A.B. asks: 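Before we start, here is the structure in question, set down as structure tokens.
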Amino acid sequence: MAGIRRKARIIALQALFEVDSVAHSPESTLDRLTKESDLPEEAASFARELVNEVLGNKKSVDAIIQTHAPAWPLDQMAAIDRNILRIAICEIMVKRKVPMKAAINEAIELAKMFGSDTSHKFINGVLGSVSTKV
């Protein structure tokens, strides 16, 4: 099951990145990405849920990021890092269905796959700081 959830997180991250970068519609972006990836319906549903929760809580999630990464204004932060943080913080603070360590580990893995050479360290530091406040 973890493999399927990771694939769903990857789709959610790709969708959020595209929405954030070029302002495409979240629904059409998710539809296209889930069809291209051939995700099982349960995983596609999880990806949609993540995207909707991030977008629905974007203002409060972004405020949490700014509190815990004050040296990095959101508009200067790498878009991939910003969206990985958004997903993890939603899972930790909003959904609360995923154990904190699991959400942090998944975020670090996404950062290693899609971010820069130092993204995983940055993500770990910010989420470590967030975790002390939960």
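Please read all numbers here as calculations on a predicted model, not as lab measurements. Position 1 is the first residue of the sequence; numbering continues from there.
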A.B. asks: Between Arg32 and Glu18, is there a side-chain heavy-atom distance shorter than 4.5 Å?
C.D. replies: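 Result yes, sub-4.5 Å side-chain heavy-atom pair found.
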A.B. asks: Which heavy-atom pair separates Ala88 from Ala107 by the least distance, and what is that distance?
C.D. replies: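 In terms of heavy atoms, the two residues are closest at CB-CB, 3.8 Å.
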A.B. asks: Is there a side-chain contact between Leu39 and Leu33 (heavy atoms, below 4.5 Å)?
C.D. replies: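 Heavy-atom side-chain distance check fails, nothing below 4.5 Å.
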A.B. asks: Considering all heavy atoms of both residues, which atom of Met77 and which atom of Phe122 are nearest to each other, and what is their separation?
C.D. replies: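 Smallest interatomic distance, heavy atoms only, reads CE-CZ, 3.8 Å.
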A.B. asks: Kindly compute the distance separating CE (Met100) from CE (Met93), expressed to the nearest 0.5 Å.
C.D. replies: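 So the gap between those two atoms works out to 8.5 Å.
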A.B. asks: Is it the case that more than 12 heavy atoms not belonging to Asp117 sit under 6.0 Å from its CG atom?
C.D. replies: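 Open.
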A.B. asks: Evaluate Leu16 against Leu55 for side-chain contact (heavy atoms from CB on, under 4.5 Å), listing each step before the verdict.
C.D. replies: CA-CA 8 Å; Leu16 289 167; Leu55 295 176; 3.9 Å; yes
A.B. asks: Heavy-atom distance under 4.5 Å between the side chains of Leu127 and Ile89, does that happen here?
C.D. replies: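 Yes, side chains in contact.
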A.B. asks: Please name the pair of heavy atoms, one in Ser119 and one in Ser116, separated by the smallest distance, quoted to 0.1 Å.
C.D. replies: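 Distance-wise, the nearest heavy atoms are OG-N, 2.8 Å.
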A.B. asks: Looking at side-chain heavy atoms only, is the closest gap between Leu13 and Ile87 below 4.5 Å?
C.D. replies: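 Leu13 vs Ile87: side chains touch.
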A.B. asks: Is Phe114 linked to Val126 within one hydrophobic cluster, defined over Ile, Leu, Val, Met, Phe, Trp and Tyr using a side-chain heavy-atom separation of less than 4.5 Å?
C.D. replies: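 Per the 4.5 Å side-chain linkage, Phe114 and Val126 are co-clustered.
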A.B. asks: Taking all non-hydrogen atoms of both residues, which atom of Ala111 and which atom of Ile123 are closest, and how far apart?
C.D. replies: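 Scanning both residues, the minimum pair turns out to be CB-CG1, 3.8 Å.
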A.B. asks: Only counting residues at least two apart or in another chain, list the ones meeting side chain to side chain contact (heavy atoms under 4.5 Å, CB included) with Asp31.
C.D. replies: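 Listed in chain order: Arg48.
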A.B. asks: Restricting to side chain to side chain contact (heavy atoms under 4.5 Å, CB included), what partner residues turn up for Phe17, sequence neighbours left out?
C.D. replies: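 For Phe17 the side chain to side chain contact (heavy atoms under 4.5 Å, CB included) partners, ignoring immediate neighbours, are Ser21, Ala79, Ile80.
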A.B. asks: Would you please test Glu36 and Gln14 for side-chain contact (heavy atoms from CB on, under 4.5 Å) and show each step?
C.D. replies: CA-CA 12 Å; Glu36 288 173 0; Gln14 291 171 331; over 6 Å; no
A.B. asks: Is the side chain of Ser131 donor-acceptor paired with the backbone N or O of Gly128 at a distance under 3.5 Å, no angle test?
C.D. replies: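 Checking the backbone N and O of Gly128 against the side chain of Ser131, a donor-acceptor pair under 3.5 Å is found.
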A.B. asks: Can you tell me how far CD1 of Ile84 sits from NE2 of His120, rounded to the nearest 0.5 angstrom?
C.D. replies: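 The distance works out to 11.5 Å.
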A.B. asks: Show the numbers, then the answer: is there a side-chain contact (heavy atoms from CB on, under 4.5 Å) between Arg82 and Asp20?
C.D. replies: CA-CA 10 Å; Arg82 179 173 55 238; Asp20 201 22; 2.8 Å; yes
A.B. asks: Taking C-beta and beyond as the side chain, do Val98 and Ile92 meet within less than 4.5 Å on heavy atoms?
C.D. replies: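 SC-SC contact between Val98 and Ile92 ruled out.
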A.B. asks: Would you check if Asn124 and Lys121 make a side-chain contact, meaning some heavy-atom pair closer than 4.5 Å?
C.D. replies: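 The answer is no, as the side chains (C-beta and beyond) never meet within the 4.5 Å cut-off.
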A.B. asks: Just jot down the side chain to side chain contact (heavy atoms under 4.5 Å, CB included) partners of Val94, sequence neighbours excluded, or say none.
C.D. replies: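 Listed in chain order: Asn57, Cys90.
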A.B. asks: In Å and rounded to the nearest 0.5 Å, what is the OG1 to CD1 distance from Thr29 to Ile11?
C.D. replies: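 These two atoms lie 11.5 Å from each other.
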A.B. asks: For a side-chain contact (heavy atoms from CB on, under 4.5 Å) check, start with the C-alpha distance between Val61 and Val54, then their side-chain angles and the critical distance, and finish with the verdict.
C.D. replies: CA-CA 8 Å; Val61 169; Val54 167; 5.9 Å; no
A.B. asks: Counting distance only, does the side-chain N/O of Ser129 pair as donor-acceptor with the main-chain N or O of Gly125 below 3.5 Å?
C.D. replies: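 Checked: no pair found.
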A.B. asks: Can you find a heavy atom in the side chain of His68 that is under 4.5 Å from one in the side chain of Leu85?
C.D. replies: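 Side chain of His68 against side chain of Leu85, heavy atoms only: no contact under 4.5 Å found.
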A.B. asks: Taking the side chain as every heavy atom from C-beta outward, state whether Leu50 and Glu91 have any pair of such atoms under 4.5 Å apart.
C.D. replies: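 Yes, side chains in contact.
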A.B. asks: Between atom CG of Asn83 and atom NZ of Lys58, what is the distance when rounded to the nearest 0.5 Å?
C.D. replies: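 Between Asn83 CG and Lys58 NZ, I get 8.0 Å after rounding to 0.5 Å.
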A.B. asks: Taking salt bridge (charged side-chain N to carboxylate O under 4.0 Å, His left out) as the criterion, tell me which of Arg5, Lys7, Arg9 meets it with Glu106.
C.D. replies: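 Exactly one candidate clears the test, Arg9.
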